[in-house]
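Reviewing the structure listed below.
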Amino acid sequence: MGRRIRMLRNRLGMSQDEFAQAYGIPVANIRQYEIGRHMPPPAVRAYLKVIAAEPEMTKRAVAG
């Protein structure tokens, strides 16, 4: 799962900090997921699928 998150983030051309800021996920969590120390909970996995499918729309929705 961590590899998929890193690939998504790289596809979007974002650093961990940028990704965390844009989508409201704590950067510490992103780091833990990417190194495989923790598995994202089901709600976060679903949210990551939404980000992968519609990154710009998701970013706008989170920005409010």
Side-chain angles (χ1 to χ4, degrees):
M1 186 68 187
R3 191 175 322 144
R4 281 190 242 159
I5 296 169
R6 188 175 314 117
M7 288 171 53
L8 170 61
R9 191 174 51 72
N10 289 335
R11 179 175 61 107
L12 298 175
M14 302 174 99
S15 69
Q16 288 179 334
D17 290 328
E18 292 168 333
F19 189 85
Q21 180 80 26
Y23 297 110
I25 301 171
V27 71
N29 292 17
I30 298 294
R31 290 184 179 124
Q32 297 299 313
Y33 301 153
E34 287 191 5
I35 64 172
R37 184 166 292 157
H38 296 289
M39 180 72 133
V44 174
R45 289 195 301 259
Y47 182 43
L48 290 166
K49 287 180 184 180
V50 172
I51 294 169
E54 293 290 340
E56 290 304 315
M57 182 182 71
T58 307
K59 190 186 309 184
R60 285 192 309 269
V62 170

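- Distance CE/M14 to CD/Q21: 9.0 Å, rounded to 0.5 Å.
- A pairwise comparison of heavy atoms in P26 and A20 identifies C-CB, 4.1 Å as the closest pair.
- When all heavy atoms are compared, the tightest approach of P40 to L48 is CG-CD1, 4.5 Å.
- Hydrophobic clustering keeps L12 apart from M57 (ILVMFWY residues linked when any side-chain heavy atoms are closer than 4.5 Å, directly or through intermediates).
- Dense packing is recorded around CZ of R11, with more than 12 heavy atoms of other residues, nucleotides or ligands lying under 6.0 Å away.
- Note: Y23 OH to K59 NZ = 5.0 Å, rounded to the nearest 0.5 Å.
- Between the CZ atom of R60 and the CD atom of E54 there is a distance of 8.5 Å, given to the nearest 0.5 Å.
- Ion pairing between a basic and an acidic side chain is recognised when a charged N comes within 4.0 Å of a carboxylate O; E34 and R31 show no such pairing.
- For the atom pair OG1 (T58) and CD1 (I51), the distance works out to 6.0 Å, reported to the nearest 0.5 Å.
- Separating the CG atom in L8 from the CZ atom in R4 is a distance of 11.0 Å, to the nearest 0.5 Å.
- The existence of a salt bridge linking D17 and R9 is excluded, since no basic side-chain nitrogen approaches an acidic carboxylate oxygen closer than 4.0 Å.
- Between R6 atom CZ and I30 atom CD1 the span is 11.5 Å, to the nearest 0.5 Å.
- Across all non-hydrogen atoms, the minimal contact from P55 to A52 is CD-O, 3.9 Å.
- Hydrophobic clustering (side-chain heavy atoms under 4.5 Å, transitive across Ile, Leu, Val, Met, Phe, Trp, Tyr) groups M1 together with F19.
- M7 and V44 end up in different hydrophobic clusters when Ile, Leu, Val, Met, Phe, Trp and Tyr side chains are linked at under 4.5 Å.
- When I25, V27, I5 are each tested for a side-chain contact (heavy atoms from CB on, under 4.5 Å) with Q16, only one passes: V27.
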